[in-house]
Amino acid sequence: MRFRPGAGLDTSQVSDRRGMGGGGLAVGGGGLGLAGLVIYLVISLLSGGGGLTGPLANLDGSTVSQAPPGQVLGDECRTGADANQKQDCRIVADVNSVQKFWSGVIRNYEPAQTVFFSGSTDTGCGAASTDVGPFYCPNDKHVYIDLGFLDELHSKFGAQGGPFAEAYVLAHEYGHHAQDLLGDLGRNGAGATGGSVRTELQADCYAGVWAHHAVETGYIIDLTQADIAQGLDAAAAVGDDRIQSETQGQVNPETWTHGSSEQRQRWFLNGYRGGSPNDCDTFSAKNL
Ligand SMILES: [Zn+2]
């Protein structure tokens, strides 16, 4: 999976809260760099002070100084060449590509912010810690991810990992955002044929649909068979049956929430081969 070196990245789609702990202030990666923040503060002081409201209201010098310079995404991640070099820039490029795709599919598409965090952070769906893994919060329409999870895919879940495995994770979460916009999120029900599994398998399928069109978005040069294999490997690694057998020593389909390894791979492939959201009707599928 190679990114087009000249493709411009839009870091405004990602907020970087790494190293800030719970309740930290999100500094928009592409919005205001450190220099921009300083300028903003000076202007605020000149204009009479007390004018700090909105997202910058909690800002103080200590918060800014805690963020290592390398975490200012806007400076670090400018082009696809950066995405080919650095993991966080790669995720920015994934997010850009996935949203470019969906904005061409869903009328009046509303972009969803991805939030990088480490340890724990506040979300519209309550406090979140690294342990819960990447997730989409419909209340604030943000995707939350501790990038450490991408290493855990390999170290904890046994996946081979790799850039396309990472892209699959992000594309799955944006699949939930697409479901949210299309009114298909929020169907509950546990078990192998319940609403939760159907929702998750559709998100896997949507990830495949994006993969089908990934090169067309302009951010990615090519996807090879090895890339797709990475994605399928990651999908299998987070299958309910695989996780249950490894953590509990047994498989209980009645408590499944995401579907089996085989199902997650198959629905990703359905989307990848077909290339249309219509290939992802997990809600009425008889052969789930
Ligand atoms: Zn999901």
Side-chain angles (χ1 to χ4, degrees), residues 91 94-95 97-99 101-102 106 112-117 121 123-126 128-150 152-153 156-157 159 161 164-211 230-244 247 253 255-272 277 279-283 285 288:
I91 305 305
D94 291 335
V95 168
S97 175
V98 172
Q99 300 214 89
F101 167 69
W102 283 111
I106 298 176
Q113 197 82 4
T114 281
V115 179
F116 292 168
F117 73 98
T121 194
T123 83
C125 297
S129 75
T130 301
D131 299 338
V132 302
F135 67 98
Y136 173 75
C137 171
N139 297 341
D140 59 17
K141 303 203 181 315
H142 286 7
V143 171
Y144 291 90
I145 183 169
D146 182 330
L147 296 187
F149 173 81
L150 300 175
E152 282 190 0
L153 254 186
K156 184 171 162 190
F157 293 95
F164 190 76
E166 298 169 357
Y168 156 73
V169 170
L170 271 297
H172 172 99
E173 299 308 334
Y174 275 91
H176 287 314
H177 179 55
Q179 291 174 319
D180 191 11
L181 296 178
L182 294 169
D184 290 326
L185 206 57
R187 304 191 198 197
N188 298 316
T193 58
S196 174
V197 166
R198 291 177 187 274
T199 300
E200 295 297 336
L201 291 177
Q202 186 176 64
D204 284 333
C205 186
Y206 282 175
V209 171
W210 161 74
Q230 274 182 7
L232 290 171
D233 178 68
V238 290
D240 285 327
D241 54 342
R242 173 89 60 95
I243 292 175
Q244 285 183 341
T247 60
T255 59
W256 284 5
T257 55
H258 285 69
S260 70
S261 298
E262 183 276 328
Q263 287 175 308
R264 302 197 68 168
Q265 291 186 315
R266 180 157 44 81
W267 279 101
F268 174 88
L269 276 178
N270 275 359
Y272 178 63
D279 297 309
C280 302
D281 187 3
T282 56
F283 292 107
L288 192 60

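Order of listing sets the numbers, starting from 1, for every ligand and every atom in it. Quick note: residue numbers are just sequence positions, from 1. Bear in mind that the values here come from a model prediction, so they are computed numbers and not experimental data.
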Does Y206 have its ring centroid less than 6.0 Å away from the ring centroid of W102? yes
Identify each donor-acceptor pair in which a side-chain atom of residues 186-197 lies under 3.5 Å from a protein atom, sequence neighbours left out, and give them as a table.
unit_1, atom_1, unit_2, atom_2, d
R187, NH2, D184, OD1, 3.2
S196, OG, T257, O, 2.8

Which of parallel (below 30°), tilted (30 to 60°) and perpendicular (above 60°) describes F117 and Y144? perpendicular
Hey, what's the ring geometry for F268 with Y272, parallel, tilted or perpendicular (30° and 60° as the breaks)? parallel
Once side chain to side chain contact (heavy atoms under 4.5 Å, CB included) is applied, do any residues pair with D281, and if so which ones, sequence neighbours excluded? F283, S284
Which residues pass the side chain to side chain contact (heavy atoms under 4.5 Å, CB included) test with D233, sequence neighbours left out? A159, Q160
Quick one: name the protein N/O/S atoms under 2.8 Å from the Zn ion (ligand 1), chain by chain. H172 NE2, H176 NE2, E200 OE1
